[in-house]
Amino acid sequence: MRTSPELRRKLISVAAVSAALLTAAPASVAVAQEAAPRPAAVPVAQTEAAPGIQAERLIVGYKSGATEAESNKAAAADAAAKAEKTGEDVDFQRRLGTGAALVELGANPTRASVADVVAQYRADPQVAYVVPDRLNKPTAVTPNDTEYGKQWDLFESTAGMNVPGAWDTTTGSGVTVAVIDTGYVAHSDLAANIVGGYDFISDTAVSVDGDGRDSNPADPGDWYNDNECGQGIAASTSSWHGTHVAGTIAAATNNGKGVAGIAYGAKISPVRVLGKCGGYDSDIIDAITWASGGTVSGVPANTNVAKVINMSLGGGGACSTATQSAITGAVNRGTTVVVAAGNENQNVSNASPANCNNVIAVAATNRAGSRASYSNYGSLVDIAAPGGETRTSTANGILSTLNSGTKTPSSENYASYQGTSMATPHIAGLVALMKSANSALTPAQIESAVKANARPLPGTCSGGCGAGLADAAKTVQAVKGGTSTGTTFSSTTAVAIPDNGAAIESPISVTGRSGNAPSALQVGVDITHTYRGDLVIDLVAPDGSAYRLKSAASDSADNVNTTYTVNAAGEVANGTWKLRVQDTAAQDTGTLNGWKLTF
C-alpha cells in the first residue's frame, strides 16, 4: 500500500475489506436461539463386573455397618485376605468419596485372575458390590453450534485442519491469545471468552473513537471514503476484522448457536492497533510488548498476559529492527507470535512482519487444499492453513463472527471472509491447544512441532507453502504430556516425622524415562500417623517445583495410605523427585513408611 502524503503514516493493508489481507464475502447468517441444556448422563447398569472382564483395579462397595466401610486398615486387611485366598496381588489403594474402596490388582492380570478376585469379593457377605475401575476416554462429538456444518476448514478430510480430533485432548483452557487487530465489537457467540485488552492507537485520526490510548479495545468501525486513505483507494465499509479473527480462534462452542472456535476453551485479549486506513508500526510494537507481558510506558501492566499473539496484518518492505526487537522480546518471554504471510500473491520476503525472525508465518489454502490464489509464498513461509477462496462460492470462505454495521456497530451476525488473515488464527488456535496440552512448550518447540506434524498439501503450491497443511489432532497428540505406562519407582526407607517440627524429605531417583512426566502421575503415599489432619504433604519435582498433595485439616483419623494424581506434564521425568512431609501441630507423631511414583 502506498503512503498517503496527507496522512504521512505507514498503512497496514488489512485495515479494510478491500485491502490485500482481507476480502469479504457477503454471507451473513442469522443468530440462532441458544439450545436448552441437556440433562446429565446417567450411568448404565453395565458398569457391574462380569465374569471374564479385563481390569487392573476394582471398586469395592461395602455394606453399611461393615468395618471395612469405615476403616482403611480393615479394607486393606480384607484385600490382603482376598489375595491370600486367590494367590493374586490385591492391594487396597484409597477410599473414594462415596466410601467405596479402590483395590489395585497385580501388573497385567489375566481375565481368569480378575474373575477369581471378583468372585471372592462377591462371596463376602459384607460386600455390597464390586465393579471394575474402567478407563474412560474423552469422546469426540460434533458441536451443536448451528453453523458448524459450514466450517469445512475445521473438519473436512480433504483440506480441513483436523481440529475435532484435537478436542479429545484439549480445548485450549488456561491459555490467553492476544488478537492484535482492529479491536472487538460485541458478539454473544464470543463474549464469554473475551478478557481485558487495550487500545494502543495513539493518533485520533486513526482511532476514530475520539481519544487516544485507553483500556477500551472496542472496535468503532474502520470505514473510509474514496481517496481518504491514499489517492486512488476506493471507499470501504467497516471490516470488523479483529472480531472475525477472534471468532475463528475461540468462538463459544456447544452453545447451540453460531460457529465453533478452534480453541474454544481459551480466552481472547483484544488489542487494538488498526483503525481508519491502518495502523502505525509504533503502536503495533507497543502492543506486541504489552500483550506478552512486557512494560510499556504510560500503560498499566497487563493482567491477561498472552502466550499466543495473532497478527493478521502486514505491510510491504523488510522487517524493521524496531519490529524485530519487539517480536524477539515477546518470544523471549515465552509468547509465540503467529503472523499472516500476506495477500499480494508475491514472495513473503517483501511482507512485514511475516518476514521477521522468530514468527510463524502462515500461508492460506483453499477448500481443495491448494495455495489460495492471493496468498503470499516463499521460503519464509512456515506453515499453511485454511484461508478460503470465495471466487466461486462464499461457502468456500472462512465463516466466523462479525457485525452487520457498514460504518458503526449494528446487529451481530456471521460472514465468510477469505485471506491469510483468516488462515493465521487457525494456527494461533492450534498453538493455544498445544500450550493447554503441554504448558512447558517454548515458542521454538511449538513452531517445530507444528511443522513436523503437518501433512502434505492435498493440492498444489507454487513458490513454497512451508511444511504443509497444519494438522491439529496430530500436532496436539505429539506434544501433550506423557501418559501413564505403569512403570513404578519407589522408596521403602522409613523416615520419622517429628511432632510439630521441620519438614522431612524422602528422595526417589527416576532414570531411563524420555521426555516429560505424565499428566496423570500417580503418587502413592504410605504414612503411619496418629492424627493425619496435622500433615502437609508435597511432591517436589527435580527442578524444585512443589505440588501440594495434602494440606493440614481438621481430620482426626489416623494414617495416610492413598494415591494422589498430579498433572506433572510440565516437568522433565528423569531426576530426583522428593516427597516432603511436615507435621504442623503438637501431640502426634508418625512415620513415612514409603512412597512410589507410577509413570
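Since we're looking at a predicted model, the values are computed, not measured.
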Pairing residues for S411 by the side chain to side chain donor-acceptor pair (under 3.5 Å) criterion, not counting sequence neighbours: S404
N376 side-chain N/O to N347 backbone N/O, donor-acceptor pair under 3.5 Å: no
Give me the ring orientation class for Y417 and H244: parallel if the planes are under 30° apart, tilted from 30 to 60°, perpendicular past 60°. parallel
Give me the atom names and distance for the closest heavy-atom approach of P386 to A159. CG-O, 3.6 Å
Filter on disulfide (SG to SG under 2.5 Å), then keep only pairs touching residues 365-397, sequence neighbours left out; what's left? none
Closest non-hydrogen atom pair between V195 and P270, with its separation: O-CD, 3.3 Å
Please list all pairs meeting salt bridge (charged side-chain N to carboxylate O under 4.0 Å, His left out) that have one or both residues in residues 418-433, counting only residues at least two apart or in different chains. none
Can you pull out every salt bridge (charged side-chain N to carboxylate O under 4.0 Å, His left out) where at least one residue sits in residues 348-367? Sequence neighbours excluded, please. E156-R367
Under 4.5 Å between any side-chain heavy atoms of Y547 and L521, yes or no? no
Do the side chains of Y264 and N254 get nearer than 4.5 Å, heavy atoms only? yes
Mind running side-chain hydrogen bond (donor to acceptor under 3.5 Å, both in side chains) on T598 and T488 for me, showing each step along the way? CA-CA 4 Å; T598 301; T488 299; 3.1 Å; yes
Would you call the rings of H187 and Y414 parallel, tilted or perpendicular, taking 30° and 60° as the class edges? perpendicular
Atom of L190, atom of A250 and distance for their closest heavy-atom approach: CD1-O, 3.5 Å
Full working for side-chain contact (heavy atoms from CB on, under 4.5 Å) between T475 and M434: CA-CA 8 Å; T475 305; M434 296 167 70; 3.7 Å; yes
Please evaluate residues D153 and H426 with respect to the criterion side-chain contact (heavy atoms from CB on, under 4.5 Å), reporting the C-alpha separation (whole Å), side-chain torsions for both, the decisive distance (0.1 Å), and the verdict. CA-CA 9 Å; D153 47 307; H426 283 75; 2.7 Å; yes
To the closest 0.5 Å, what do you measure between CG (D181) and CD1 (I284)? 9.5 Å
Give me each pair satisfying salt bridge (charged side-chain N to carboxylate O under 4.0 Å, His left out) with a member in residues 458-471, each pair once, sequence neighbours excluded. R455-D471
Hits for salt bridge (Lys or Arg N to Asp or Glu O under 4.0 Å) against K451, two or more places apart or cross-chain, chain-then-number order -> D382, E447
Apply the test side-chain hydrogen bond (donor to acceptor under 3.5 Å, both in side chains) to residues D189 and N255: give CA-CA distance (whole Å), side-chain angles for both, the deciding distance (0.1 Å), then the verdict. CA-CA 8 Å; D189 204 12; N255 62 341; 2.9 Å; yes
For residues K257 and S188, is any side-chain donor paired with an opposing acceptor at under 3.5 Å? yes
Do Y184 and I194 have side chains that approach each other closer than 4.5 Å (heavy atoms only, starting at C-beta)? yes
Short question: side chain of T420, backbone of A340 - any donor-acceptor pair under 3.5 Å? no
Taking the side chain from T442 and the backbone from Q445, do they hold a donor-acceptor pair closer than 3.5 Å? yes
Pairwise side-chain contact, I309 with V338, heavy-atom cut-off 4.5 Å (strictly under): no
State, yes or no, whether a side-chain contact exists between N358 and Q324 at a heavy-atom distance under 4.5 Å. yes
Pairwise salt bridge (charged side-chain N to carboxylate O under 4.0 Å, His left out) hits with a residue in residues 425-442, at least two apart: none
Minimum heavy-atom distance A260-Y148, with the two atoms named: CB-CD1, 3.8 Å
Short question: side chain of T170, backbone of S436 - any donor-acceptor pair under 3.5 Å? no
Whether the side chain of D133 engages the backbone of L58 through a donor-acceptor N/O pair (distance < 3.5 Å, no angle test) should be reported. no
Would you please name every residue forming a salt bridge (Lys or Arg N to Asp or Glu O under 4.0 Å) with R371, sequence neighbours left out? none
Hits for side-chain contact (heavy atoms from CB on, under 4.5 Å) against R391, two or more places apart or cross-chain, chain-then-number order -> S373, E389
Go through L274 and L313 one step at a time and tell me if the side-chain contact (heavy atoms from CB on, under 4.5 Å) criterion holds. CA-CA 9 Å; L274 303 178; L313 49 77; 4.1 Å; yes
Considering all heavy atoms of both residues, which atom of W152 and which atom of T365 are nearest to each other, and what is their separation? CH2-O, 4.5 Å
Between S292 and T289 (side chain of the first, backbone of the second, donor and acceptor by atom type, cut-off under 3.5 Å), is there such a pair? yes
Close side-chain approach of I327 to V359, heavy-atom, < 4.5 Å: yes
Quick check against the 3.5 Å criterion: does N403 have a side-chain atom that pairs as donor or acceptor with the backbone of G405? yes
Under a 3.5 Å distance rule, please check whether S400 uses its side chain to pair with a backbone N or O of T248 as donor and acceptor. yes
Donor-acceptor under 3.5 Å (S238 side chain, W240 main chain): no
Checking V572 now: which residues fulfil side-chain contact (heavy atoms from CB on, under 4.5 Å) with it, not counting sequence neighbours? N516
Is there a side-chain contact between V479 and L441 in this structure, where contact means two heavy atoms from C-beta onward sitting under 4.5 Å apart? yes
Hey, are D222 and S239 close enough side-chain-wise for a donor-acceptor pair under 3.5 Å? yes
Could you tell me whether the side chain of L430 reaches within less than 4.5 Å of the side chain of V476, counting heavy atoms only? yes
Evaluate the criterion side-chain hydrogen bond (donor to acceptor under 3.5 Å, both in side chains) for residue pair S312 and H241; output intermediate values, then yes/no. CA-CA 9 Å; S312 291; H241 186 268; 5.4 Å; no
When you measure from the side chain of N310 to the backbone N and O of A428, does any donor-acceptor pair fall under 3.5 Å? no
A470 and I383: which non-hydrogen atoms are nearest, and at how many Å? CB-CG1, 3.9 Å
Does either side chain, that of N332 or that of T328, offer a donor lying less than 3.5 Å from an acceptor on the other one? no
Walk me through whether T182 and D219 qualify under side-chain hydrogen bond (donor to acceptor under 3.5 Å, both in side chains). CA-CA 6 Å; T182 65; D219 185 350; 3.0 Å; yes
Pairs meeting criterion disulfide (SG to SG under 2.5 Å) with involvement of residues 331-392, two or more places apart: C319-C356
What disulfide (SG to SG under 2.5 Å) pairs are there with at least one residue in residues 391-439, not counting sequence neighbours? none
Working to the nearest 0.5 angstrom, can you tell me the gap between L154 CG and L399 CG? 10.0 Å
Quick one: CG on N193 to CD1 on I249, what's the gap to the nearest 0.5 Å? 11.0 Å
Consider only side-chain N and O atoms of E344 and Y374, and report whether a donor and an acceptor are under 3.5 Å apart. no
Please walk me through it: do T401 and V259 pass side-chain contact (heavy atoms from CB on, under 4.5 Å)? CA-CA 8 Å; T401 47; V259 295; 4.3 Å; yes
